[in-house]
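Working notes for the structure below.
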Protein chains: 4
Amino acid sequence: MPASKFLSDKFCAVRAKRERRKEARPGELLDAALDLFVEKGFAATKSEEVAARAGVSKGTLFLYFPSKEELFKAVISENLAGRFDDWNARFAAFQGGTPEMLRECMNIWWDHIGSTKVSGITKLMLSEGRNFPELARFYREQFVSPAHVLLRRVLQRGIDRGEFAPVDVDQAVYTVVAPMVFLMLNKHSADVCGTADAPLDPKRFLDLQTDFILAGLAAKPAQGRAS
Amino acid sequence: MPASKFLSDKFCAVRAKRERRKEARPGELLDAALDLFVEKGFAATKSEEVAARAGVSKGTLFLYFPSKEELFKAVISENLAGRFDDWNARFAAFQGGTPEMLRECMNIWWDHIGSTKVSGITKLMLSEGRNFPELARFYREQFVSPAHVLLRRVLQRGIDRGEFAPVDVDQAVYTVVAPMVFLMLNKHSADVCGTADAPLDPKRFLDLQTDFILAGLAAKPAQGRAS
Amino acid sequence: MPASKFLSDKFCAVRAKRERRKEARPGELLDAALDLFVEKGFAATKSEEVAARAGVSKGTLFLYFPSKEELFKAVISENLAGRFDDWNARFAAFQGGTPEMLRECMNIWWDHIGSTKVSGITKLMLSEGRNFPELARFYREQFVSPAHVLLRRVLQRGIDRGEFAPVDVDQAVYTVVAPMVFLMLNKHSADVCGTADAPLDPKRFLDLQTDFILAGLAAKPAQGRAS
Amino acid sequence: MPASKFLSDKFCAVRAKRERRKEARPGELLDAALDLFVEKGFAATKSEEVAARAGVSKGTLFLYFPSKEELFKAVISENLAGRFDDWNARFAAFQGGTPEMLRECMNIWWDHIGSTKVSGITKLMLSEGRNFPELARFYREQFVSPAHVLLRRVLQRGIDRGEFAPVDVDQAVYTVVAPMVFLMLNKHSADVCGTADAPLDPKRFLDLQTDFILAGLAAKPAQGRAS
DNA sequence: TATGAATGAGCCTTCATTCAT
DNA sequence: TATGAATGAAGGCTCATTCAT
């Protein structure tokens, strides 16, 4: 093996490694940002900390993202937007009954979002959206709206097929959203919803809540029910 | 009437007025603090703003509260702690069925807390509790624990009287808490839970959700239900 | 002298001193800012330096001026704008011949601006106006326009009274402005206009230049003159 | 023609082309630097911008010039120094009257420097010379001194030939320099010398100013003249 | 008791320069 | 020779808290 070949190989290997790092940088920064934003909040996270956790210096962060706010928007895009193509397709193809479909909905959400640190993004927007209106706008546009559309479609399907009572779909969506939001908050919120001696079991809570929703959607008007 | 009595009376009146103002100060500061903390968050609220809204100067704030954090603890004490004596008594005396009792529970909470700015405190603790552990601890001790105790008592009563299915009370409590928490967040959170074209109607949501809970608690195990 | 009187006196003296300082602050800061801006340029002057030269801390500067740029606008207002009332009145009342008037004009400018550090402001705007368009706009509006109006009035008076040839007043104004600008630059510019062995004598230069202007304004078209 | 010759030729051509590119690099960088320094100032120009405008990367700039400051010195050398051989020869050979010579002087300066972007260098040194003393020194040595020498020679010639009054040559030089400096500044300075409704016409200004200078140099002491 | 001027640590962002490739 | 990713010191501005009055 000639020296030139060896050198060339070495050169390629090193360059490859360098380029791999370069391409990995934004991802590493986004991961670090998600971790820290979720842990401490957007305003309370220092950009230098994000850089440090990603293993780079302060300046490098701004090489990839022009500002802390844009970094957060990228975190949203990376982790939330763009999941909907998959989800929408999944439900368009769903064959079974709508109660099962709704339960599936909850479960997929739980696996992809609720049980992961991605759920922290929702907590963040709830917490700090008011102080960062542009971030709130972006989040609503990228995540909240598509999610509501999807859920409305599921509920309407159930009503159309006679599986659900003809409730006000717009309001019922919030009924589905509420337990999800609650779980996301609980996960990231210093346990200020519950008590240490009887901690929330998220999965059981979700099942129980889904039971309630399904019971409610299927129920005939109950006695003692609000008019 | 001796002159001294007259003087004394006058003196007392002036002193009383002065002291009333002096004693009112903390209350005015607490009101201002609640407003602003709820509006902008704890960390994002400047202590000078609080003082300004209370009509005093920056220095005066620190005369009554040694730090911003202590100010917030005082806000919690003032607005949340101490309501439980009333509430507990109310439910101890309740005569009707437990479904009605639970509905009453929701309504009282809505009137006293949920629909008022006090609900913002919960939002605050969910949002920023992690960054201020001492505040979170204080809030849990003063508010969360007593609330859970109360709700557990209600649910247990329903089970004992055969009105509710024998669910896991600890988890079911969260089922009641969740919609409350959701409403409190929604009220103070830049609309990041919903969409502008179908805004949440809090009262209807609460009724609907209560229906669901009652349907769920009353229901026999449904088909398609999680095991 | 009763103790209370003594205390009261002492109190008043101290308060007075404090208030005097408070009222003096903006002026001290403006002086410091003028010095440093003229010495190092606007961009190159750190706000902390300005504060330090005024004998206060960084934060104090921003107590009085919301930004470095506003500080500079205040420097302009303080030192340039508002002189025109005096100047305009002076020339409105002038009785003598216009050549003397123009010479007087140069001399007053020299005494009030040219020979003082205030002349550095013009140098600054010439140097950095492009990078700070809002400052340039403010300076033009507050100083350049009124100055041109005044000079045009003087030149027109000379023409009207038959003392000056009927030159294009708009262009001739620049002829008067040019030596002033040149002197201001020279004063604040590391001697990049001249040579160490034959330094510029500003007063003689100004007189000589004024002679030339007056000779030029009075002259009949000379041989070798541009068509 | 031997193969080696052919190869050698080809080699040389390729090498020549490569070297031409390589040798052109500094020139392209100097052009870019002149443009940007003149446009935005020395300190406010980012080295990356210079590289970008020259079509190379940031690193390459520092390959040819060890620092931004050295780059600027090279800009001065390239554009100002070395013109004097030509100019000096031109005036040594001049045959006509000195007034025409001085007018020629102004015109040549205007064509070669004043009306071109090179005039921006003078503006730069006036603006930022103080913050970069080494640059100011270099500029004075390379440009200001030779220019003064040349002008002094012209004026002295006029006096010697009886065409000009026996003024103080050292000071009179500044009289010639001033309008040039003024025009250079005005060209590069956000119009802070004039007003929008009566903008400066550089060529007319220069002619007018030259008329004044010549009138002044030729004039017998005028009435109202400074003693 | 009440004031508000003053402080200074802290944060986001920029940019000349370096160096591994 | 050429690249461009990475660095880190520096600068404008904020705000909880102090303290002289």
Side-chain angles (χ1 to χ4, degrees), chain A residues 10-19 21-23 25 43-51 55-69 71, chain B residues 18-19 21-22 25 43-52 55-69 71, chain C residues 10-19 21-23 25 43-51 55-69 71, chain D residues 18-19 21-22 25 43-52 55-69 71:
Chain A
K10 187 181 166 190
F11 177 77
C12 285
V14 180
R15 168 191 286 270
K17 185 184 160 200
R18 204 185 189 212
E19 283 183 353
R21 291 204 72 194
K22 186 211 156 174
E23 273 155 31
R25 273 289 131 74
T45 297
K46 300 168 225 170
S47 46
E48 189 161 17
E49 284 178 301
V50 175
V56 297
S57 78
K58 215 177 353 177
T60 303
L61 172 61
F62 290 92
L63 226 50
Y64 292 94
F65 303 96
S67 70
K68 214 173 107 175
E69 209 154 314
L71 171 63
Chain B
R18 249 235 245 89
E19 285 186 349
R21 258 248 304 289
K22 194 172 82 181
R25 275 287 136 74
T45 296
K46 297 170 225 171
S47 44
E48 187 162 20
E49 285 177 300
V50 175
V56 299
S57 76
K58 220 179 340 180
T60 305
L61 171 62
F62 287 91
L63 223 53
Y64 288 98
F65 305 95
S67 70
K68 220 171 99 171
E69 205 154 321
L71 172 63
Chain C
K10 187 181 167 190
F11 176 77
C12 285
V14 179
R15 167 193 286 272
K17 185 185 162 200
R18 202 184 190 215
E19 285 185 352
R21 290 205 73 195
K22 186 212 155 174
E23 273 156 31
R25 273 290 130 73
T45 297
K46 301 170 226 172
S47 47
E48 190 163 16
E49 283 178 301
V50 175
V56 298
S57 77
K58 212 178 358 176
T60 302
L61 171 61
F62 290 94
L63 226 50
Y64 291 94
F65 303 96
S67 71
K68 213 173 107 174
E69 209 154 314
L71 172 62
Chain D
R18 251 237 254 44
E19 285 186 350
R21 259 247 304 289
K22 194 172 85 183
R25 274 289 135 73
T45 297
K46 299 171 224 171
S47 44
E48 186 162 20
E49 285 177 300
V50 175
V56 298
S57 76
K58 221 178 339 180
T60 304
L61 171 62
F62 286 92
L63 222 53
Y64 288 98
F65 304 96
S67 71
K68 218 171 100 173
E69 206 155 319
L71 171 62

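What you see below is based on every heavy atom in this structure, not just the backbone, and it leaves out hydrogens, waters and symmetry mates. Labels below follow one simple rule: chain letters A, B, ... track the order of the sequence lines, proteins then strands, and each chain is numbered from 1.
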ask   = Hey, which of B:V50, B:L71, B:T60 is the one that makes side chain to side chain contact (heavy atoms under 4.5 Å, CB included) with B:F65?
value = B:L71

request  = Taking only the side-chain nitrogens and oxygens of D:Y64, find out if one of them lies under 4.0 Å from OP1 or OP2 of F:dA2.
outcome  = yes

ask   = E:dT7 P sits how many Å from C:F62 CZ, rounded?
value = 14 Å

request  = Check every strand shown and say whether B:K46 touches a base, only sugar-phosphate, or nothing at a heavy-atom separation below 4.0 Å.
outcome  = sugar-phosphate

ask   = What nucleotide among F:dT1, E:dA5, E:dT3 has an atom nearest to a side-chain atom of B:L63?
value = E:dT3

task = Quickly work out the B:F65 CZ to F:dT17 P distance and round it to whole Å.
result = 14 Å

note = Whichever of C:E69 and B:T45 has the more 5' nearest nucleotide on DNA chain F, that residue is C:E69

ask   = Expressed in angstrom and rounded to an integer, what is the separation of C:E48 atom CD from E:dG10 atom P?
value = 14 Å

query = Got more than 12 heavy atoms from elsewhere within 6.0 Å of CD, C:E69?
reply = yes

ask   = If each of B:S57 and A:S47 is mapped to the nucleotide of DNA chain E with the nearest heavy atom, which maps nearer the 5' terminus, i.e. the 5' end?
value = B:S57

remark   = When B:T60 and C:G59 are each assigned the nearest nucleotide of DNA chain E, the 5'-most assignment goes to B:T60

inquiry  = Rounding to an integer number of Å, can you tell me how far A:K58 NZ sits from F:dA5 P?
reply    = 20 Å

ask   = Any donor-acceptor pair under 3.5 Å between the side chain of C:K68 and the base of F:dG11?
value = no

message = Side chain of D:V56 only, heavy atoms from C-beta on: which candidate in E:dA16, E:dG8, F:dT3 is closest?
response = F:dT3

query = Which atoms form the tightest heavy-atom contact between C:F62 and C:P66, and what is the distance?
reply = CD2-O, 3.9 Å

task = May I ask which nucleotide in the shown strands pairs with E:dT14, Watson-Crick or G-U wobble, both distances under 3.5 Å?
result = F:dA9

ask   = Does A:L61 or B:S67 map to a spot on DNA chain F nearer the 5' end, using the closest nucleotide for each?
value = A:L61

ask   = What are the two closest non-hydrogen atoms of B:L61 and B:A51, and how far apart are they?
value = CB-CB, 4.4 Å

Under 3.5 Å on both distances, the Watson-Crick or G-U partner of E:dA20 = F:dT3

